[in-house]
Amino acid sequence: MTQRTDLLIIGGGPAGISAGIWAKRLGINHLLLEAKDSLGGQLSTIYNQIVDYPGMVVANGQVLQEQFIKHAEEIKCDYVTNTCVKSIDWTNRILQTAEGNSYTFRTLLIASGSSPRRLDVPGEQEMIEQKEVYSATRDKLKFKGKHVAVIGGGDRAFEGALLLAEAGSQVTLIHRSDCFKARKEYKEPVMLHPNIDILTKTFITKIDGKGKKKLFLADEDHHFTMMVDGLFIRIGVKPNTEPYEDGIDVDQEGYIRCNSYGETSLPFVYAAGDVCTRPLLSSIASSVGQGMTSVKQLSFFLEN
């Protein structure tokens, strides 16, 4: 059986929830599809205090997630969870899910967000399956007095390294080049911290072990190994655009190309949030605003 809707929203993070709220407010027949078992997107992985979302200072992302879900449910936004996109027939505007359901739509808003970029080395998937994926904010005390490795050269890597070091960990920061993208306010304290060692022009080639990890490393001159109690991979994010790349324009990094209203290369398809916004300009507030803008523009499209 095929379900029909005027607006199909892909993704239940801040952009998607905002889009659903505005669709409801504007009286648009809509349906939001979320791959996970609850709405909220990456809010569920934010463990630090959120102080920059206007009108609301909350303890962490989970608290804000609860507020977003409560709002969506109170106004009766239409959404389903545990639903993954398999393919899209762009000509006939039919979306197929991995669960075997199909949806026809007049307009589509892609708000599928982004995911942590992976090293793609042997042992990484096993580490994930063993649930050895940590948050520096949440887990810093777990590694007090222990040796940890942080991989990356941007803000998240440097901030994580500093949090861990200040909590008493011995930190080795490993980066593939000797140029760092992290902001000055992170770089200076990391460079000077006595608990942090930095390895540049160094790559991880393999991860081994359960719990304590053996890292296989390589630099310009030789291969070597390192034992660590915890590994934090912070090499950026990638947009979740795989199901859409054959139908709309994306750039070399996979981000959806769109104008300031969210319109993509297809006039009935819009994008909002991290799927089209790089981390430097991404925020909860910008995602919410983009979700609103896209739905307002799509409402004009649907009227014609």
Side-chain angles (χ1 to χ4, degrees), residues 1-37 39 41 72 77-115 237-278 282 287-304:
M1 182 177 177
T2 300
Q3 185 172 341
R4 294 174 172 80
T5 185
D6 287 335
L7 170 60
L8 193 61
I9 303 166
I10 310 301
I17 293 174
S18 174
I21 289 170
W22 276 92
K24 188 70 177 182
R25 182 179 181 187
L26 295 171
I28 299 173
N29 176 29
H30 69 283
L31 180 65
L32 186 156
L33 307 181
E34 166 55 41
K36 298 179 181 177
D37 57 8
L39 300 181
C77 288
D78 294 322
Y79 71 90
V80 294
T81 57
N82 296 307
T83 302
C84 298
V85 177
K86 181 181 179 182
S87 63
I88 299 177
D89 178 342
W90 300 97
T91 301
N92 297 303
R93 304 188 194 183
I94 301 174
L95 181 146
Q96 300 284 345
T97 72
E99 294 72 27
N101 299 315
S102 61
Y103 301 89
T104 61
F105 55 88
R106 291 178 61 195
T107 59
L108 179 70
L109 174 59
I110 302 171
S112 48
S114 62
S115 300
V237 297
K238 63 181 182 64
N240 298 323
T241 53
E242 290 85 353
Y244 321 111
E245 292 174 347
D246 64 342
I248 56 177
D249 288 346
V250 299
D251 65 19
Q252 290 183 340
E253 295 179 72
Y255 288 92
I256 296 174
R257 299 183 192 273
C258 59
N259 62 19
S260 59
Y261 302 115
E263 183 181 0
T264 72
S265 54
L266 291 177
F268 59 90
V269 180
Y270 277 58
D274 289 354
V275 79
C276 58
T277 307
R278 282 175 170 72
S282 174
S287 293
V288 168
Q290 290 169 14
M292 174 274 297
T293 301
S294 293
V295 170
K296 280 194 171 184
Q297 283 296 122
L298 284 167
S299 70
F300 302 143
F301 180 92
L302 289 166
E303 288 174 0
N304 298 326

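At a threshold of 4.5 Å between non-hydrogen side-chain atoms, the residues L31 and F105 do not count as touching. Side-chain contact between L302 and R106 is present, with at least one heavy-atom pair separated by less than 4.5 Å. Within the 4.5 Å cutoff, the side chain of C84 has heavy atoms near those of the E99 side chain. Contact of the I9 side chain with the Y79 side chain is not registered, since no non-hydrogen atoms from C-beta on lie closer than 4.5 Å. Side-chain atoms of L108 and I88, non-hydrogen and from C-beta on, do get closer than 4.5 Å to each other. Within the 4.5 Å cutoff, no side-chain heavy atoms of I110 are placed close to those of T264. L298 has its side chain out of reach of I28: every pair of non-hydrogen atoms, C-beta onward, lies at least 4.5 Å apart. Between S18 and Q290, every side-chain heavy-atom pair lies at or beyond the 4.5 Å cut-off.
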- prompt: Run the side chain to side chain contact (heavy atoms under 4.5 Å, CB included) check on V80 and N101 step by step: do they pass?
  reply: CA-CA 12 Å; V80 294; N101 299 315; over 6 Å; no
message: One pair to check against side chain to side chain contact (heavy atoms under 4.5 Å, CB included): Y103 and T97. What are the steps and the verdict?
response: CA-CA 8 Å; Y103 301 89; T97 72; 3.6 Å; yes
- request: Assess whether side chain to side chain donor-acceptor pair (under 3.5 Å) is satisfied between T2 and S102, documenting all intermediate values.
  value: CA-CA 5 Å; T2 300; S102 61; 2.8 Å; yes
From CA spacing to verdict: side chain to side chain contact (heavy atoms under 4.5 Å, CB included), L95, L33: CA-CA 11 Å; L95 181 146; L33 307 181; 3.9 Å; yes
message: Before you tell me yes or no, could you show the steps for Y244 and I10 under side chain to side chain contact (heavy atoms under 4.5 Å, CB included), namely the whole-Å CA-CA distance, both residues' side-chain angles and the distance that decides it to 0.1 Å?
response: CA-CA 11 Å; Y244 321 111; I10 310 301; 3.0 Å; yes
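Across V275 and A111, no two heavy atoms sit closer than the pair CG1-CA, 4.5 Å. Here the closest heavy-atom approach between residue L109 and residue S294 is recorded as CD1-CB, 3.7 Å. The shortest non-hydrogen separation linking T241 to G254 is OG1-O, 2.8 Å. Annotation for Y255 and P239: closest pair N-CG, 3.6 Å, computed over non-hydrogen atoms. Heavy atoms only, all atoms of each residue included: G247 and S265 are closest at O-OG, 4.4 Å. Considering all non-hydrogen atoms of both residues, G12 and L32 come closest at CA-CD2, 3.8 Å.
Here R257 pairs with D249, D251 under the side chain to side chain contact (heavy atoms under 4.5 Å, CB included) rule; sequence neighbours left out. For E253, the salt bridge (Lys or Arg N to Asp or Glu O under 4.0 Å) test picks out R278, with sequence neighbours left out. With sequence neighbours excluded, no residue satisfies salt bridge (Lys or Arg N to Asp or Glu O under 4.0 Å) with E245. With sequence neighbours excluded, no residue satisfies side chain to side chain donor-acceptor pair (under 3.5 Å) with D37. Judged as a side chain to side chain contact (heavy atoms under 4.5 Å, CB included), and not counting sequence neighbours, the contacts of S115 are N240. Under the salt bridge (Lys or Arg N to Asp or Glu O under 4.0 Å) criterion, K36 pairs with no residue at all, not counting sequence neighbours.
Not one N or O on the side chain of H30 forms a donor-acceptor pair closer than 3.5 Å with the backbone of C77. Judged by distance alone, the side chain of T277 and the main-chain N or O of A272 form no donor-acceptor pair under 3.5 Å.
Expressed to the nearest 0.5 Å, how far CG of N92 lies from OG1 of T104 amounts to 10.0 Å. Taking NZ of K296 as the start and CZ of R25 as the end, the distance is 7.0 Å to the nearest 0.5 Å. In this structure, CG on D6 lies 11.5 Å from OG on S299, to the nearest 0.5 angstrom. With values rounded to the nearest 0.5 angstrom, N29 atom CG is found 9.5 Å from K24 atom NZ. Atom CZ of F268 sits about 9.5 Å away from atom CD1 of I248, to the nearest 0.5 Å. One distance of note links CE of M292 with CG of L26; it measures 10.5 Å at 0.5 Å rounding.
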